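Nothing here was measured: the structure is a model prediction, and the numbers come from that model.
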Amino acid sequence: MTSPSAPFSVLCEPGFSPHQLNKYATLMTCGNGYLGIRGGHEEAYTDQVRGMFVAGFYHRATPDEVTELVNLPDITGCHIELGNTPFSLLAGRLLAYRREFHPELGELCRELIWQSPEGGRVSLKSARFVARAPRQLVAATLTLTALDQEMPLRLTTGIDATQTNSGRQHLTEASVRVMHAHTLQGCYRTPENDMALMITSRCRLSAEEARISFAAKNRRLNQQFSTTLRVGEPVTLEKISWVDACLPGDPEPENWGEQCLAQLAPHVDAGYAALRAASLQQWQRTWPQARVEVDSGDPFDQLALDMSAYHLAAMTPAHDARCSVAAKGLTGEGYKGHVFWDTDIFILPYHLLTRPETARSLLRYRCRRIPQAEQKAARCGYEGALFPWESAFTGEEETPAFGLINIRTGLRQPVASALAEHHLVADIAYATVGYLQATGDRAFQANEAQALLKACALFWLSRTTEVNGRLELHDVIGPDEYTEHVNNNAYTNYLAHYNVSQALHYLPDTPEHAAFTARARDFLARCVLPQPNDQQVIPQDDSFLSKPTIDLTRYQAQAGTQAILLDYSRAEVNEMQILKQADLIMLFFLLPSLFSPEVQRANLDYYLPRTIHDSSLSKAIYAIVACRNGLAELAWPLYREAMAIDLGPEPHSCDDGIHAAATGAIWLGAIMGFAGLTYQEGELALAPRLPPHWKTLRFPLCWRGERLQVTVSHQQVQVEKANDAPLSLRVHGTLHTFTRRLVLALH
C-alpha cells in the first residue's frame, strides 16, 4: 500500500536581510502543538521580535486590555563576543551564509562565515528544534570555529524574562535560581497566580577550560562562558531546556522545580544529536498519515505543501481539548493569539481527514464552552449558544471594542464582529456535522455533538425576524467584513438553515426534543434563502446588488494590505460593491450540492472582480470553487497566489505570525480543489482536475476509521487500503465499491 516518499522540502532564507527578520522568524518557528518558538537569530537585532508561546497560556494585562497569548521568557538568545567585538551580521563582513528550515522535523539550522572588524574569520553553525515528544523539550546547539586567528570568546545565554507582548508584561518573577551548580531555572506566574511557567535549562560547553559565571539581574538569569577560540578547534555550546506550564485549573506539582530538573536530566545526557534523531523518528511516524506529495514542474509547490503540513501539526494543540488553534498558531502575537472561525472551517478538515482524533479535540474545545456561549446569547437577547467571535481560554468574548482609525474622523472605529458576525455559530455546527459524517463517531454524537448542534440551532430559531410570513436574519455580517450590518446575507442564511436541518437529523425523536422539533421545522419551511436572479447571480445580501461599483484594479494588485482603507473609510466601503474576501463563494465551497454549475460559474464571474482579497482566506476558496467548475485557467493562478501569502517574496508577509487559515487552505486547495474531494452527506467523492504541470498528486485520508492512500494523475485515480471491507467511493459522479484497491482510468 505504501511507496517510497519523496524527500522533504527545505525552506531556505534567500540571504540575511534586516528587512525580513520577522517574516523568517515566523516561517521558521519550531513547534509541536504545545510549544512554539519563533525562528529568531541567537544574536539580538533591534527590529527582531522573539517569541515563545504555550498553547492556552493567556492573560489580560490590564482591565482595559483584551486577553492575549503570552509571549513567554526567551531561551533562544545568546550574546556572542569575539575578542572585543559583539557578534552581529550588521558589522564586520558576512562571507558566507545559509539559514534553512527543515519541516520534516521542525529544525532551524544556520551556517555562516563572518569576518570580525578586528580581522579574524569565524565559522558559526547553529541549530534548534522543539521535540515532537516529550512536548516540553527544546534542544539547541551552537558551534564556533576560528578559521585564521585565535581570539577570546564569551558566550552569554539564559532565561530572559524581559520579553513582553509589544510592551505589555504579563508575568511576575516568582523565583530564579541555579540548581546543582550548573542548571538555570526560572518560575514565572501571572499576577493572579492562576497560571505558572517553569523553565529549566542546562548548558554544556565542549571547551573544558572555560570559566563559568552566573548572574540574575533585571529579569534576566544568565550563564556566561569565557574561553579561547583556537584556530581549527570547534567550541560547541549545547542548551537543553524543559518548558512546563500550569494552565488555569491545573494543580501545580509538589516540588515542581525538582521534578522538572529530573525530567530534563536524561535528555541533557543524551545530547543534541541523539535528541534530534529521536524527535525525527517521532515526526516520521506521523507523516505517512498526513503528508501530501506532488510531482510538479515547480519545486515551490511541494515546499508549500510540506510547510503547510508541518505548521498545521505545529500549531494544533492535540494534547489538550481546552485549547484550540489561534489565528497565528504559536508563531507570533498577531490577533492576540485568539481563536476564530478559521479553525473550524479552514484548519479542522485537515485533521478530520488525517488525524480525526485531533479534529474531535478541536470540537471539544467548542463543546466545553457551550455554557459561556449560552450566557452570551442570553445577554444579547437570544436563546441557544452564541459563541464569541474571538475566543481564548475561558470561552468569553475577546474581540477588541475598537480597531483601525477612521481616516475621515480620526477616531478609532468600533469593531462590530462580536455584535453581528454570527455565522461562526453555523460554522461550528458545520464542522461538527462534517466530523460525524467522516467518522461515524456515535459516542461523540450522543454525548457532545447533539447538545452542540441543538444549542447552535436554538440560537438561529431565536435570531429571526418575521417579515410577510417569512423568517429573515437581519443586521448580520457575513464572511465579507467590508459589508456590515446587512439583512439576509446568503452565506449566513444558508448555513443557519443547514445547522437547523442537521440538528433535526441528529437529535433523537423523543418527547424531550418535541418542542424544538416543531420550531425547527417551521424555521426550515419559512427561512429566507436568497435565490439566483435573471442573470443567475445570488444576491450576497438584500442591498448588495443595488450599491455602486468602482474600479478595484489598483487595490486588487495590493491584495492583503487593506490599501482601500487609505482612500475610503469603512463606512464608505460598506456602501459599495466591494468584498474583502470570498463570501457567497464560501457557500459554494461548503455546500456545493445545493447549486448548479451554471449558478456557481455565474457568481464566480460576478463576485471575483468585486473582491480585493484583503483576507488571506479568500484566494484559495475562489480557486477551489473555480477548479470544481472546470475553470482551470482561473483556479491555478489564484491557488498559486494563495500558496505565496506567507512564502512569497513580500518581506513582511507574516511578521506577526503565520496566516494559520491560509496554511490550512493550501491543503484544502490541493485536496478539495485539484483532487476534487467532497464528503457531504456521508459519501466520499473525488473529481480530480490536476493543473497541467502536476503529473501526480498523492495523499493519505482517514475515512470512517480506515486509512486510504490516494494517487491521482491525469490518466487515472488509484485508491488503496489495508483491509477487505468494502468501501464505496464516487469518482466524477459514478459510484464504485471496492475492497483493497481501486484503479480507474480518467478520460
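Aromatic ring centres of W389 and H423: separated by under 6.0 Å. Aromatic rings of F595 and F588 (six-membered ring for Trp) have centroids within the 6.0 Å cut-off, being under it. Ring centroids of F346 and W341 are separated by less than 6.0 Å, placing the two rings close together. Aromatic rings of Y639 and F674 (six-membered ring for Trp) have centroids within the 6.0 Å cut-off, being under it. Ring pair Y491/F589: centre-to-centre distance not below 6.0 Å. Aromatic ring centres of F387 and H422: separated by at least 6.0 Å.
A salt bridge does not link D605 to R601: none of the charged side-chain nitrogens sits closer than 4.0 Å to a carboxylate oxygen. Comment: E683 engages R730 in a salt bridge, judged by a side-chain N to carboxylate O separation of less than 4.0 angstrom. Salt bridge annotation for R60-E65: absent, with no cationic side-chain nitrogen under 4.0 angstrom from a carboxylate oxygen.
Checked by atom type and distance alone, the side chain of T517 pairs as donor or acceptor with a backbone atom of H513 at under 3.5 Å. When atom types are taken as modelled, the side chain of N533 and the backbone of P539 share no donor-acceptor pair closer than 3.5 angstrom. Between the side chain of R707 and the backbone N or O of T354 there is at least one donor-acceptor pair closer than 3.5 Å. H338 contributes a side-chain N or O that, together with a main-chain N or O of T67, makes up a donor-acceptor pair within less than 3.5 Å.
Side-chain atoms of T399 and E397 form a donor-acceptor pair, as typed in the model, at a separation below 3.5 Å. Using modelled atom types, one finds no donor on one side chain facing an acceptor on the other under 3.5 Å when comparing N488 with D541. The closest side-chain donor-acceptor pair between D583 and N489 falls under 3.5 angstrom. Using modelled atom types, one finds a donor on one side chain and an acceptor on the other under 3.5 Å when comparing Q577 with Y606. At a cut-off of 3.5 Å, with distance as the only test, no side-chain donor of T561 or Y555 sits close to an acceptor on the other residue. If you check the side chains of Y430 and N499, you find no donor sitting under 3.5 Å from an acceptor. A donor and an acceptor atom, one from each side chain of Q540 and D480, are located under 3.5 Å apart.
Closest heavy-atom contact between L729 and L684: CD1-O, 3.5 Å.
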Margin query: For T737 and S728: C-alpha separation, side-chain torsions, deciding distance, then whether side chain to side chain donor-acceptor pair (under 3.5 Å) applies.
Written below: CA-CA 4 Å; T737 301; S728 294; 3.0 Å; yes
Note to self: Assess the residue pair E484 and N574 against the criterion (side chain to side chain donor-acceptor pair (under 3.5 Å)); give the C-alpha distance rounded to whole Å, side-chain angles, the decisive distance to 0.1 Å, and a yes or no.
What the structure shows: CA-CA 6 Å; E484 298 181 341; N574 193 59; 5.9 Å; no
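Between H613 and Q581 there is no side-chain heavy-atom pair separated by less than 4.5 Å.
Scanning for side chain to side chain contact (heavy atoms under 4.5 Å, CB included) contacts around A626 gives L604, L631, L634, A635, with sequence neighbours left out.
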